[in-house]
Amino acid sequence: MAETKKTHALKARLPRGLVDRHAGQIKASEKMLATIREVYERYGFEPVETPLIEYTDALGKFLPDQDRPNEGVFSFQDDDEQWLSLRYDLTAPLARYVAENFEALPKPYRSYRAGWVFRNEKPGPGRFRQFMQFDADTVGAASPAADAEMCMMMADTLEALGIPRGQYVIRVNNRKVLDGVMEAIGLAGEDKASQRLTVLRAIDKLDKFGVEGVRLLLGAGRKDESGDFTKGADLDEAQIIELLQVVGADEKHIVSLQDAARFDAADDDEVVKAGDASSVVLNSLVLDEWEVILSRSESGRQGLAELREIAALLKSAGYGTKRVRISPSVVRGLEYYTGPVFEAELLFETVNDDGQPARFGSVGGGGRYDGLVGRFRSEPVPATGFSIGVSRLMAALSALGEISVEAEAGPVVVTVFDRDRMGDYQRMVKALRDAGIRAELYLGGSGPKAQLKYADRRNSPCVIIQGGDELAKGVVQIKDLAAGKAAAASVSDNAAWREERPGQFEVPEAELVAAVRGIIEGARA
RNA sequence: GCAGCUGUAGCUCAGUUGGUUAGAGCGUCGGAUUGUGGCUCCGAAGGUCGGUGGUUCGAGCCCACCCAGCUGUACCA
């Protein structure tokens, strides 16, 4: 028999871009999902679930002019050679579901769902190849009221999760506005399509590179810090100025506090302090700012009208710019959004692993996708929705101290000091379980020391000990591990520590359950 | 994809101009203490030095290529 060397053992390794989740993380995320669900239910949305796998054509991810799916999606062929893919978001599968069950569903159809999605691309910090999204969508409502509701619901959700008002903002824009501006500066027409894409990508990077970086990307191009060069959109100076007038207009939609009453500002509107003066951020002002340039194009006028309606509805419902703000640099996905787009951004800073201050940034987004369901049907079907990045939001919440991924209390451990009496120990475990207390019998083969160590690692509230001495007296020893740890701090001598048995007391076996309950409830208080 | 940086024990890292048997701390396991967590002390296990080829009497160290990871950037439904 050949000698089996350890070095030949199969290496246990997690594929890159994927994560294991331990008990604390799972419980924390379940709690978080429950909170989100509650908000959505309150808005009248109902759950629906679709599978992780769809036909690739339903996801719309075949490469153009090729019989192969996009590399970014995990795909494989069925027995009949049809391509299947792991879903890469929850929107395309919903569109498939709605189209397939169109007659049976009440419309407008409001639904929500949480689930894993997969992207086969390079992982990075905070970017995984499998991650969870939590979506809500309204299908069959063309009214901007549906979009406004999405924004309000997103704001309510973040607050329900414990993110204070002012530490987040929902930014809203409209793709028709962006299209309108581009049209106005002479970028209309099929031949300019790729240039328009480059422009949109450049605008999307406003918060990353700032106005100057975007200016470079709109013009000749930009070199990053590793020396790599990104080619720009090649706009001329006049076009760039006009574009930035709309897109870089953030600082302009404010009015001085003295004038706020005249503009009917709400309490909930953002106030910006600069020196002695204070100014209020108003959604209506940024829209006024755009009026002239957008009037030059039909889609610009449309987009502006939709945003005005959204802004008015938000105001009526009492949502000021602290919560939802018209923001010209929001772009979102390039493929299917057709109207209003939204993004949920966290504003607070935290310290990352390297001690560098870091912003969480976007934790969710969405928008109107009027073409997506219609792909499956002969008539157009309007739809709007948004998606929350669950893992990212969870990282943010734990940084805020709103949730903890620390392991919570483990089960009570009944130790085995006498191997012949497993039945007796099992009976104690059963009694505890019947009383609704998490409890387990030590199932390993090690001695008392190891058993105590095990209970310590399980974060058990207490252990139950009954050796020969206790049996003779009809009692059990109960050791409160937390109390013992506290008492041990002042003891440095091991003999004394063992003699003292900190946190340990003796009760008649009949009082076992009551004594354990006392410890658990004491720890909770 | 492009660019830069980095690969030595489970983790964090030392390792001399290229010179015998590659080390430390932490962690793990065991013992002191077979009826008790922590502290302390003692001991043990754990390595194809990322891979392949080359230079050399001799490579963890030098060279080439490859692989992986990290960071930035591109793409991102």
Side-chain angles (χ1 to χ4, degrees), chain A residues 5-9 11-13 15-17 59-62 69-73 85 87-93 95 117-125 127 129 133 197-198 200-202 204-205 208-209 213 217 221-231 331-337 352-354 356 362 365-367 369 372 387 413 415-418 442 446-460 462-471 477-504:
Chain A
K5 296 207 75 176
K6 183 75 182 295
T7 51
H8 292 143
K11 184 163 173 76
R13 58 202 182 114
R16 72 192 176 121
L59 299 178
K61 293 316 283 187
F62 273 110
N70 185 299
E71 289 178 2
V73 313
S85 294
R87 62 190 181 188
Y88 57 85
D89 70 11
L90 298 176
T91 312
V117 301
F118 303 84
R119 295 186 186 180
N120 189 12
E121 56 194 29
K122 184 183 141 184
R127 296 184 54 152
R129 296 201 294 174
Q133 290 191 331
L197 276 181
T198 310
L200 288 177
R201 284 175 191 137
D204 199 26
K205 298 200 165 54
K208 199 170 183 181
F209 299 142
L217 284 170
R222 176 183 179 275
K223 194 183 275 191
D224 74 35
E225 57 195 75
S226 71
D228 198 24
F229 185 75
T230 308
K231 196 170 168 357
V331 178
R332 302 296 301 169
L334 303 171
E335 215 146 305
Y336 60 53
Y337 290 122
N352 66 14
D353 295 343
D354 305 327
Q356 301 287 318
S362 171
Y369 49 98
L372 208 55
S387 177
V413 172
T415 57
V416 176
F417 274 43
D418 187 346
Y442 177 75
S446 302
K449 187 183 170 76
Q451 296 190 36
L452 266 291
K453 217 167 172 172
Y454 169 80
D456 195 37
R457 277 200 182 173
R458 288 300 309 272
N459 204 15
S460 298
C462 61
V463 299
I464 311 302
I465 299 167
Q466 191 186 55
D469 301 345
E470 288 82 8
L471 180 64
Q477 299 275 355
I478 298 178
K479 193 182 188 78
D480 181 333
L481 292 175
K485 185 166 274 173
S490 56
V491 184
S492 61
D493 178 61
N494 182 254
W497 142 273
R498 292 183 59 185
E499 182 61 36
E500 190 174 315
R501 295 189 172 172
Q504 189 166 330

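Throughout, protein chains are lettered first and strands after them, A, B, ... in sequence-line order, and every chain is numbered starting at 1. Model, not experiment: these values are computed from the prediction.
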- Query: When all nucleic acid strands are considered with a 4.0 Å heavy-atom cut-off, which category describes A:G447: base, sugar-phosphate, or nothing?
  - Reply: nothing

- Separation of A:R16 atom CZ from B:C70 atom C1', in whole Å? 12 Å

- Message: Would you measure the distance from the C1' atom in B:G72 across to the matching atom in B:A77 and give it in whole Å?
- Response: 24 Å

- Message: When the P atoms of B:C62 and B:G19 are compared, how many Å lie between them, rounded to an integer?
- Response: 11 Å

- Item | Between B:A77 (C1') and A:E121 (CD): distance, integer Å | 9 Å

- Task: With heavy atoms under 4.0 Å as the rule, sort A:R119 into base, sugar-phosphate or nothing.
- Result: base

- Query: Given the rule in the ring pair (Phe, Tyr, Trp, His ring centres under 6.0 Å) test, do A:Y454 and A:Y442 qualify, once you have shown the distances and angles that lead to the verdict?
  - Reply: CA-CA 9 Å; A:Y454 169 80; A:Y442 177 75; 5.4 Å; yes

- Item | Spacing of CG belonging to A:N494 relative to CD belonging to A:E499, to within rounding of 0.5 Å | 11.5 Å

- Message: Please classify the nucleic acid contact of A:E470 as base, sugar-phosphate, or nothing, using heavy-atom distances under 4.0 Å.
- Response: base

- Note on the structure: Output for pair (A:Y337 OH, A:Y369 OH), nearest 0.5 Å, gives 8.5 Å

- Query: Taking atom C1' in both B:G7 and B:U48, what distance in whole Å separates the two?
  - Reply: 15 Å

- Using a cut-off of 4.0 Å on non-hydrogen atoms, how would the nucleic acid contact of A:V73 be classed: base, sugar-phosphate, or nothing? base

- Query: If the C1' atom of B:A22 is compared with that of B:A14, how far apart are they to the nearest Å?
  - Reply: 11 Å

Expected rows: protein N/O vs nucleotides 26-30 of chain B N/O, under 3.5 Å:
from, atom 1, to, atom 2, distance (Å)
B:U28, OP1, A:R457, NH2, 2.8

- Message: Please give the distance between the P atoms of B:G31 and B:A68 as a whole number of Å.
- Response: 44 Å

- Message: Rounded to whole Å, how long is the line connecting atom NZ of A:K208 with atom P of B:C76?
- Response: 12 Å

- Query: With a 4.0 Å cut-off on heavy atoms, is A:F209 in touch with a base, just the backbone sugar-phosphate, or nothing at all?
  - Reply: sugar-phosphate

- Find the distance between CZ (A:F417) and CD1 (A:I464) and round it off to the nearest 0.5 Å. 11.5 Å

- Which nucleotide sits closest to the side chain of A:Y336: B:A74, B:A77, B:C76? B:A77

- Please determine if A:R119 and A:D89 form a salt bridge, counting it only when a charged side-chain N lies under 4.0 Å from a carboxylate O. no

- Message: Side chain of A:K205 only, heavy atoms from C-beta on: which candidate in B:G38, B:G35, B:C75 is closest?
- Response: B:C75

- Query: Could you state the NZ-C1' distance from A:K479 to B:G35, rounded to the nearest angstrom?
  - Reply: 10 Å

- Here the distance between atom P of B:U73 and atom NZ of A:K122, to the nearest Å, is 10 Å

- Message: Consider side chain to side chain donor-acceptor pair (under 3.5 Å). Of A:Q466, A:Q504, A:R501, which one does A:Q477 pass it with?
- Response: A:Q504

- In terms of the nearest nucleotide of RNA chain B, which residue is placed more toward the 5' end: A:G467 or A:A495? A:G467

- Item | Distance between C1' atoms of B:G60 and B:U73 (Å, rounded) | 33 Å

- Item | Whole angstrom value for the distance that separates P of B:C39 from CG of A:D456 | 10 Å

- Check every strand shown and say whether A:D480 touches a base, only sugar-phosphate, or nothing at a heavy-atom separation below 4.0 Å. base

- For A:N120 and A:E71, run side-chain contact (heavy atoms from CB on, under 4.5 Å): C-alpha distance rounded to whole Å, both residues' side-chain angles, the deciding distance at 0.1 Å, then the answer. CA-CA 7 Å; A:N120 189 12; A:E71 289 178 2; 5.9 Å; no

- Nearest-angstrom distance, C1' atom, B:U33 to B:G38: 14 Å

- Does A:R501 put a side-chain nitrogen or oxygen below 4.0 Å from OP1 or OP2 of B:G35? no

- Using a 3.5 Å limit on both pairing distances, list the dot-bracket string of RNA chain B from the 5' end; Watson-Crick and G-U wobble pairs count, crossing pairs take [ ], interstrand pairs take |. (((((((..((((.....[...)))).(((((.......))))).....(((((..]....))))))))))))....

- Query: Between the side-chain atoms of A:R127 and the base atoms of B:C76, is any donor-acceptor pair under 3.5 Å?
  - Reply: yes

- Atom-pair distance (CG on A:N494; P on B:U33), nearest Å: 9 Å

- Query: Per the side-chain contact (heavy atoms from CB on, under 4.5 Å) rule, which among A:T230, A:V331, A:L217 passes with A:K205?
  - Reply: A:L217

- Message: For a quick check, tell me whether the side chain of A:Q504 and the base of B:G37 share a donor-acceptor pair closer than 3.5 Å.
- Response: no

- Message: Let me confirm one number: the OG1-CD distance from A:T91 to A:Q133, rounded to the nearest 0.5 Å.
- Response: 7.0 Å

- Measure from CG on A:N70 to C1' on B:G1 and round the result to the nearest Å. 14 Å

- Per-pair stack call A:F417 and B:G35, 5.5 Å, 30°: no

- Item | Shortest non-hydrogen separation from A:A487 to A:P502 and the atoms involved | CB-CB, 3.7 Å

- Query: Roughly how far, to the nearest 0.5 Å, is CZ of A:R87 from CG of A:L59?
  - Reply: 10.0 Å

- Query: Base, sugar-phosphate, or nothing: which does A:L59 touch, judged by heavy atoms less than 4.0 Å apart?
  - Reply: nothing

- Message: Would the distance check show the side chain of A:E500 and the main-chain N or O of A:W497 forming a donor-acceptor pair, the cut-off being under 3.5 Å?
- Response: no

- Message: Measuring only the P atom in each nucleotide, how far is B:U71 from B:G47? A whole number of Å is fine.
- Response: 29 Å

- Message: Regarding A:G468, tell me which of base, sugar-phosphate or nothing describes its non-hydrogen contacts under 4.0 Å with the strands shown.
- Response: base

